[in-house]
There are 2 protein chains.
Amino acid sequence: MAPPTLFHDDPETTREAIMQATYRALCAHGYADLTIQTISDEFEKSKSLLYHHYDSKDDLLLDFLSFMLERFQADVPHREFDDPYRHLQQVFDHVVPRSLEDESADFRRAMTELRAQAAHDPAYREHFTRSDEYFQDRLADLIRAGVEQGAFRDVDPDETAAFLQTVIVGATTRRSTTDSKHVDATRAELDAYVESRLLADERR
Amino acid sequence: MAPPTLFHDDPETTREAIMQATYRALCAHGYADLTIQTISDEFEKSKSLLYHHYDSKDDLLLDFLSFMLERFQADVPHREFDDPYRHLQQVFDHVVPRSLEDESADFRRAMTELRAQAAHDPAYREHFTRSDEYFQDRLADLIRAGVEQGAFRDVDPDETAAFLQTVIVGATTRRSTTDSKHVDATRAELDAYVESRLLADERR
């Protein structure tokens, strides 16, 4: 998920400028009402450039999804987990926050629409398979480190990570598609799950 | 989620016949490629009837969603939970199954697309808020009964139900939008969660 400041700086390359315009147009219009025209309205450089680089709205959006994932991968290098329990809580604060800024809520709604394209479009499906596996593997690394350090019990890191990634996708999807006030309750029980099932006895 | 036999019988009313045609067209085409024409191709009665009753594809699909929810509510009356733990496992077998028939997978993919319309369409949002709350409340009833009977620990039924509904939505969404083989792992950890967090000590 993109933090609100993701495109804060002036873009350095044309591709980055296109991606910034796409991000803004997605937040403002969502997927359904998006056209190459609404994206080009957010784009300060030559509009013909957009039509030159991309055949269709989906072509551009798929490149946007790849860009976002690459950017996330570059920003979050594999690193040591000093305190896996605290690190996991920070992940939850970021991806299952109790409240959201408007821009972040708009962006998540658009991402939910993009993900749904994967139900019938193989190119979107390939992307979301790749990104889900990337985030799930990162969670598994974190849990494995916690088990090795004795912070977590001897759980299966891959099964635990699959479950957590499912909770994260479910929370994002429900938040984007309902007015149900479930997030506080979901988050409270998610925290209770981690305490009762993951946290080593001496850490509770 | 609709069992494959949901529309097995010959429809008794015109509305039921329209709903059966909509179900078939959704399974065959998904949301994106659906038109009133593709639905009417599955409809054996006068096609003009469809255009007479519904202004648009979304108008028809929203009626279909209401019909499915009403049907589910009628089929699953509020009843006693003889064995809440076993009942919960049956719910999981139905909504987070380890494998799916093709028709059921097609239908879930279409439902994921319909849910994503709620990101920008207030009428879809109203429906998915209502249906999420209905299913979450049913889960809370089941957990409350388990706590009262001593089968489950003294957990908060509403928080637990919110969390489980989030897992169910997440598992359905991931299955519909990725080729990731996460379901067995998600289900294994879901069962472990229920055992470690919900199940009363004397039941383990």
Side-chain angles (χ1 to χ4, degrees), chain A residues 29-33 96 108-121 124-133 136 155-156 158-174 176-190 192-193 195-197, chain B residues 29-33 96 108-121 124-133 136 155-156 158-174 176-190 192-193 195-197:
Chain A
H29 303 283
Y31 174 83
D33 295 330
V96 191
R108 281 161 201 246
R109 271 197 291 275
M111 286 295 286
T112 295
E113 293 181 278
L114 293 184
R115 181 184 271 272
Q117 304 311 308
H120 66 273
D121 185 319
Y124 279 97
R125 195 171 187 87
E126 192 276 325
H127 170 81
F128 283 99
T129 299
R130 193 157 54 93
S131 77
D132 260 30
E133 285 177 358
Q136 186 173 313
V155 295
D156 182 313
D158 294 316
E159 289 181 355
T160 309
F163 184 65
L164 290 176
Q165 176 66 11
T166 298
V167 172
I168 290 165
V169 170
T172 304
T173 303
R174 293 186 75 194
S176 296
T177 59
T178 72
D179 294 320
S180 162
K181 304 280 175 246
H182 74 91
V183 175
D184 282 349
T186 289
R187 182 63 197 273
E189 187 59 20
L190 174 59
Y193 156 75
E195 272 192 41
S196 74
R197 167 92 179 132
Chain B
H29 303 283
Y31 174 83
D33 296 329
V96 192
R108 279 162 202 246
R109 271 197 290 276
M111 287 295 285
T112 295
E113 293 181 278
L114 293 183
R115 181 185 271 272
Q117 304 311 308
H120 67 271
D121 185 320
Y124 279 97
R125 195 171 187 86
E126 192 276 325
H127 170 82
F128 282 99
T129 300
R130 194 156 53 92
S131 76
D132 261 29
E133 285 177 358
Q136 184 172 315
V155 295
D156 182 313
D158 294 315
E159 289 182 355
T160 308
F163 184 66
L164 290 176
Q165 176 67 10
T166 298
V167 173
I168 289 165
V169 170
T172 304
T173 303
R174 293 186 75 194
S176 296
T177 59
T178 72
D179 294 319
S180 162
K181 304 282 176 242
H182 73 92
V183 175
D184 282 350
T186 290
R187 182 62 196 274
E189 187 59 20
L190 174 59
Y193 157 75
E195 272 192 40
S196 73
R197 167 94 178 130

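Between the side chain of B/R174 and the backbone N or O of A/A162, at least one donor-acceptor pair lies under 3.5 Å.
For the set A/T173, A/D121, A/D132, the entry with the most heavy-atom pairs within less than 4.5 Å of chain B is A/D132. Contact count versus chain B (heavy atoms, under 4.5 Å) is highest, among A/S180, A/S131, A/A119, for A/A119. For chain A, the option among B/Y31, B/Y193, B/F128 with the highest count of heavy-atom pairs below 4.5 Å is B/Y193.
Interatomic distance, CZ of A/R115 versus OG1 of B/T112, reported as 9.5 Å (0.5 Å rounding). Taken from CD in B/E133 to OG1 in A/T178, the straight-line distance is 7.5 Å, to the nearest 0.5 Å.
Between the side chains of A/E113 and B/H120, at least one donor N or O lies within less than 3.5 Å of an accepting N or O. Using modelled atom types, one finds no donor on one side chain facing an acceptor on the other under 3.5 Å when comparing A/S196 with B/R197.
Smallest separation of non-hydrogen atoms from A/D158 and B/A185: O-CB, 4.4 Å. Closest approach of B/A118 to A/T177, counting heavy atoms only: CB-O, 3.3 Å.
Residues meeting the salt bridge (charged side-chain N to carboxylate O under 4.0 Å, His left out) test with B/D156, sequence neighbours left out: none. Listed by chain and residue number, B/D179 satisfy the salt bridge (charged side-chain N to carboxylate O under 4.0 Å, His left out) test with A/R125 (two or more places apart in sequence, or in another chain).
Both the backbone and the side chain of A/A192 come within less than 4.5 Å of a heavy atom in chain B.
Contact check for B/T186 versus A/Q165: no side-chain heavy atoms found under the 4.5 Å cut-off. Side-chain contact check for A/F163 versus B/V167: some heavy-atom pair is nearer than 4.5 Å.
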